[in-house]
Number of protein chains: 2
Amino acid sequence: MTTIDATPLRGTERPGPRRQEVATRIKEYILRNRLKPGNLLPTEIELCEAVGASRSSVREAVKILSALDIVEVRHGHGTFVGRMSLNALVESLAFRGLLSGEEDHHVLGQVVDVRQTLEQGLAAQAIDVLDEEHRAELSALADEMENLAAQGKDFLEVDRAFHLKLMEPLGNDLILQLTEAFWQVQAIVAPTLRTEPEDRVITAQRHRAIVDAVAAGDPAGLRSAIAEHYAPIRASIARAVQP
Amino acid sequence: MTTIDATPLRGTERPGPRRQEVATRIKEYILRNRLKPGNLLPTEIELCEAVGASRSSVREAVKILSALDIVEVRHGHGTFVGRMSLNALVESLAFRGLLSGEEDHHVLGQVVDVRQTLEQGLAAQAIDVLDEEHRAELSALADEMENLAAQGKDFLEVDRAFHLKLMEPLGNDLILQLTEAFWQVQAIVAPTLRTEPEDRVITAQRHRAIVDAVAAGDPAGLRSAIAEHYAPIRASIARAVQP
DNA sequence: AACGATTTGTACGTATGTATG
DNA sequence: ACATACATACGTACAAATCGT
């Protein structure tokens, strides 16, 4: 049932590198056979025969696709259709941020801009779809932040959960994954800043303000609460540029 | 001057696959030496010696990094620090869209949501920073769209230029690249829809409305003009689900 | 628990294509 | 035209992980 169009790469036509050709064929195979995430792909050797390439080339192509989470390779088991996460975006952006963050942190600042824009832009409709249960969970997370901040501890995971919970009821997977991705990028790049302990207390309070604005059903208030929530990190970035 | 910390991977410690180890080392090398995009990296053979891995592992690692545009390889020339584009996001998201687009087009719909959210959220400040020259260019692009639409032609490139020009004066590289990336994803996935010729005429007119709102300095009008601009593609998606 | 079959991971060798001088 | 340096491609052999018997 090997159906990878075994046309032997007619004649001299060789547009790009071999691995790119192979990667394209594998993607076409997935589309043509309507495979879904988690489905098994042919073995490397079968792919070699099907596409007429060496195993090295096939492997390099598969590694490219796995870096994009289009496929997922499990040692000793097989190659599967990937989960299509935004891992590639995170890795790429995070590295860019680390590279630029040695001097200024302008990439980090841009990430904060995007996060704020998305959350503010979706705030109004978030209020409409947030039910009582969601509001209670957000409030509980804000409580937890305030407790941890009072103890001088950080609350990375709680913060992550908060922002995801805020966007979750919109029912848009992509927005949820972008929220997650940009949060991760900030979590990776931000530690290169020195963070003031009092900033954490302020940040916890600002999350409380967001919850309050949601409960009050006040879109404009929510937008400004979100903006103020990002003020401490912006201040840290500004401090880092001119210390 | 090879400085890739040639610790021979002490003893039995082998957390992940070899290529992941190598990829991490290469990233560390770039960061440690403060390399910038375009700078030359050591040759594959030098990397092999430095990290104590075989050619195959090094190549697979480099291919992963090149898929993320962290490095860029030029045949017969060498390996360089990459341009850090969002190519990985485009490839990953576009494939996801194609995969889901065989039945419904919910991924395409989510991409449209994100594009609209970003543009609406930035519309207000875009008005503030757009100068006369920008407005003239936007107007010229809208003219061009209307002309092409009247002739029944498509205007993909003009549309792309329009949306980039709208976000350009904000001075945020990341937002510009996200605009470009999501546009590309839509351009790749949308052709799987059948597009009505009259939709193009309407879309051209909606771009004109955006220009007018910018010229009038009317943020609320601009936001609704942007929303209406995406109406035709939303309608196409809805038609595709139940034809 | 142990073994073998299957599949991916790593290593090495050789030849070829490509860009630079 | 030639030489050098580099990436590309192929093939083979063996190691490591997973699964079923």
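Just so it is clear, the structure is predicted and the values come from calculations on it, not from any experiment. Throughout, protein chains are lettered first and strands after them, A, B, ... in sequence-line order, and every chain is numbered starting at 1.
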Checklist line | For D:dA1, the Watson-Crick or wobble partner whose two distances fall under 3.5 Å | finding: none
What integer distance in Å separates [X]:[atom1] from [N]:[atom2]?
{"X": "B:Glu72", "N": "D:dT8", "atom1": "CD", "atom2": "P", "result": "11 Å"}
{"X": "B:Leu40", "N": "D:dA5", "atom1": "CG", "atom2": "P", "result": "15 Å"}
{"X": "B:Lys63", "N": "C:dG9", "atom1": "NZ", "atom2": "P", "result": "17 Å"}
{"X": "A:Phe80", "N": "C:dT6", "atom1": "CZ", "atom2": "C1'", "result": "12 Å"}
{"X": "B:Leu47", "N": "D:dA7", "atom1": "CG", "atom2": "P", "result": "8 Å"}
{"X": "A:Glu49", "N": "C:dT7", "atom1": "CD", "atom2": "P", "result": "11 Å"}
{"X": "A:Arg18", "N": "D:dG11", "atom1": "CZ", "atom2": "C1'", "result": "14 Å"}
{"X": "A:Glu44", "N": "D:dT12", "atom1": "CD", "atom2": "P", "result": "16 Å"}

Margin query: Can you confirm whether B:His207 sits close enough to B:Leu141 that some side-chain heavy atom of one is under 4.5 Å from a side-chain heavy atom of the other?
Written below: no
What is the nucleic acid contact for [X], judged by heavy atoms within less than 4.0 Å: base, sugar-phosphate only, or nothing?
{"X": "B:Thr43", "value": "sugar-phosphate"}
{"X": "B:His75", "value": "base"}
{"X": "B:Arg19", "value": "sugar-phosphate"}

Among [options], which is the nearest nucleotide to the side chain of [X]?
{"X": "A:Arg55", "options": "C:dT8, C:dC12, D:dT8", "value": "C:dT8"}
{"X": "A:Arg59", "options": "C:dT8, C:dC12, D:dT8", "value": "C:dT8"}
{"X": "B:Ser54", "options": "C:dC12, C:dG9, D:dC10", "value": "C:dC12"}
{"X": "A:Thr79", "options": "D:dG11, C:dT8, C:dA11", "value": "C:dT8"}

Item checked: Lys/Arg-Asp/Glu bridge criterion (N-O < 4.0 Å) met for B:Glu60, B:Lys63 -> no
Next item on the list: Between A:Arg74 and A:Glu60, name the one whose nearest nucleotide on DNA chain D is closer to the 5' end.
Entry: A:Glu60
Checklist line | Qualifying residue for side chain to side chain contact (heavy atoms under 4.5 Å, CB included) with A:Leu164, from A:Arg160, A:Met167, A:Glu168 | finding: A:Arg160
Next item on the list: Find which nucleotide of DNA chain C each of B:Ser57 and A:Gly76 is nearest to by heavy atoms, and output the residue with the more 5' nucleotide.
Entry: A:Gly76
Next item on the list: For B:Ser85 and A:Ser92, work out which heavy atoms get closest and say how close.
Entry: O-OG, 3.5 Å
Note to self: Regarding A:Gln116 and A:Arg234, do their side chains bring together a donor and an acceptor under 3.5 Å, going by distance alone?
What the structure shows: yes
